[in-house]
Amino acid sequence: MTTLLYWLFKYVLIGPFLKLTSRPVITGQEHFPEKGAALLAGNHQSVADWLFTPLVLRRKINFLAKSDYFTGTGLRGMLSRWFFAGAGAYPIDRTDADAAHAALTAGLEVLSSGQVLGMYPEGTRSPDGRLFRGKTGPARLALRAGVPIIPVGVIGTGEYVRKISRFRRGPVEVRVMLGEPLDMAPWAGREGDRDAEREITDEVMRRIQALTGQEYVHDTYGADMKKRYEAVRKSGHNLLDRPVEGQR
């Protein structure tokens, strides 16, 4: 049922609207496997990132999402389940004492079944359009599952969301760029090695930066930067010297 909803969303309900209101462009599609498990690791500037990436790729892309989206009651709960299932979301039980373990388990289920998993190493949307330090979850998963990591850069989704939310006319170009898969051979046999996970993660983030051209803040997590911005906002000062890109 969820697979049927996914293709219904892509080709009937959501996909046509996205194509009508944007100019989706994909490069590097030769790096995307026609079959077998793979992990896509991308930058995250907007809520639309996880709509445009599946739009331009031939296979179903699964994304991890908290199970709360699938357990609601009433009409709202039904619509939530319908939307997230149709968008390729894979539920994670976050009641687990270790949320990271729950994500790892869910991710391994997707990859072990030969499917494609999409993840955002930054762990949150960028608060200002820059690319921030990646978390090691995707690297940990790739090592455990023995699958390649394909870097993905997406640009234009922040502008797209702003334009749609303000009912402005004219399509926005959204570019999805796939890089060459990262060969995991240099780290073979190092499952659970935190140094290996960090090396892989940093290399993936450098490759994403090369695709997008974003400024790369390699020593700061996006979530920490959000906290700093929030502290500044609450203090009553206006110290943000750059626009907040894609945060909708």
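Between the CZ atom in Phe63 and the OH atom in Tyr120 there is a gap of 4.0 Å [rounded to 0.5 Å]. In this structure, OH on Tyr216 lies 12.0 Å from CG on Asn43, to the nearest 0.5 angstrom. Rounding to the nearest 0.5 Å gives a distance of 10.5 Å between CD of Glu203 and CD1 of Ile208. Going from atom CD of Glu159 over to atom OG1 of Thr157 covers 10.0 Å, rounded to the nearest 0.5 Å. Note that the CG atom of Leu141 and the CG atom of Leu108 stand 5.0 Å from one another [nearest 0.5 Å]. Distance check, rounded to the nearest 0.5 Å: CE of Met119 to CG of Leu64 gives 5.0 Å.
Hydrophobic clustering (side-chain heavy atoms under 4.5 Å, transitive across Ile, Leu, Val, Met, Phe, Trp, Tyr) groups Val12 together with Leu18. Val116 and Val154 fall within the same hydrophobic cluster, defined by Ile, Leu, Val, Met, Phe, Trp and Tyr side-chain heavy atoms under 4.5 Å apart, directly or through other members. Under the 4.5 Å side-chain contact rule for hydrophobic residues, Ile61 and Met177 do not share a cluster. Taken together through direct or relayed side-chain contacts under 4.5 Å among Ile, Leu, Val, Met, Phe, Trp and Tyr, Leu211 and Ile200 form parts of separate hydrophobic clusters. Under the 4.5 Å side-chain heavy-atom criterion for Ile, Leu, Val, Met, Phe, Trp and Tyr, Val47 and Ile155 are members of distinct hydrophobic clusters.
Judged as a ring-ring contact (aromatic ring centres under 6.0 Å, His included), and not counting sequence neighbours, the contacts of Phe52 are Tyr160. Applying the side-chain hydrogen bond (donor to acceptor under 3.5 Å, both in side chains) criterion to Arg168, with sequence neighbours excluded, gives no partner residue. Under the side-chain hydrogen bond (donor to acceptor under 3.5 Å, both in side chains) criterion, Asp202 pairs with Arg198, sequence neighbours left out. In this structure Arg190 satisfies the side-chain hydrogen bond (donor to acceptor under 3.5 Å, both in side chains) test together with Asp193, sequence neighbours excluded.
The aromatic rings of Trp7 and Tyr11 sit parallel, their planes meeting at an angle under 30°, below the 60° perpendicular limit.
In the model, Tyr229 has a side-chain atom that pairs as donor or acceptor with a side-chain atom of Asp128 under 3.5 Å.
Dense packing is recorded around CZ of Arg59, with more than 12 heavy atoms of other residues, nucleotides or ligands lying under 6.0 Å away.
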Distance-only donor-acceptor pairs under 3.5 Å for side chains of residues 25-35, two or more places apart:
none

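Among pairs with a residue in residues 133-153, those fulfilling salt bridge (Lys or Arg N to Asp or Glu O under 4.0 Å) read Arg140-Glu197, at least two apart in sequence or across chains.
Gln209 places a side-chain N or O within 3.5 Å of a backbone atom of Gln214 that can act as its donor or acceptor partner. Side-chain N or O atoms of Tyr221 include none that pairs as donor or acceptor with a backbone N or O of Thr124 at under 3.5 Å. No donor-acceptor distance shorter than 3.5 angstrom exists from the side chain of Lys60 to the backbone of Gln115, with no hydrogens or angles considered. At distances below 3.5 Å, at least one donor-acceptor pair connects side-chain atoms of Glu122 with backbone N or O atoms of Phe132.
Shortest non-hydrogen contact noted between Leu39 and Ala142 is CD1-N, 4.3 Å. Between Ala185 and Asp183 the shortest heavy-atom distance is N-OD1, 3.0 Å. Of all non-hydrogen atoms in Leu117 and Gly107, the two that sit nearest each other are CD2-CA, 3.8 Å. The shortest non-hydrogen separation linking Glu191 to Gly189 is OE1-C, 3.2 Å. Closest approach of Ala37 and Pro148 over heavy atoms only: O-CD, 4.0 Å. Here the closest non-hydrogen pair linking Val147 and Ala38 is CB-CA, 4.4 Å.
Residues Pro121 and Met205 have side chains in contact (heavy-atom distance under 4.5 Å, counting atoms from C-beta outward). A 4.5 Å side-chain heavy-atom check between Thr220 and Arg228 finds at least one atom pair inside the cut-off. Using a 4.5 Å heavy-atom cutoff, the side chains of Leu57 and Leu178 are in contact. Between Arg125 and Lys226, some side-chain heavy-atom pair lies under the 4.5 Å cut-off.
No salt bridge links Lys227 with Glu230; every basic N to acidic carboxylate O contact stays at or beyond 4.0 Å.
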Apply side chain to side chain contact (heavy atoms under 4.5 Å, CB included) to residues Asp219 and Val217 and explain how you reach the verdict. CA-CA 6 Å; Asp219 58 353; Val217 187; 3.6 Å; yes
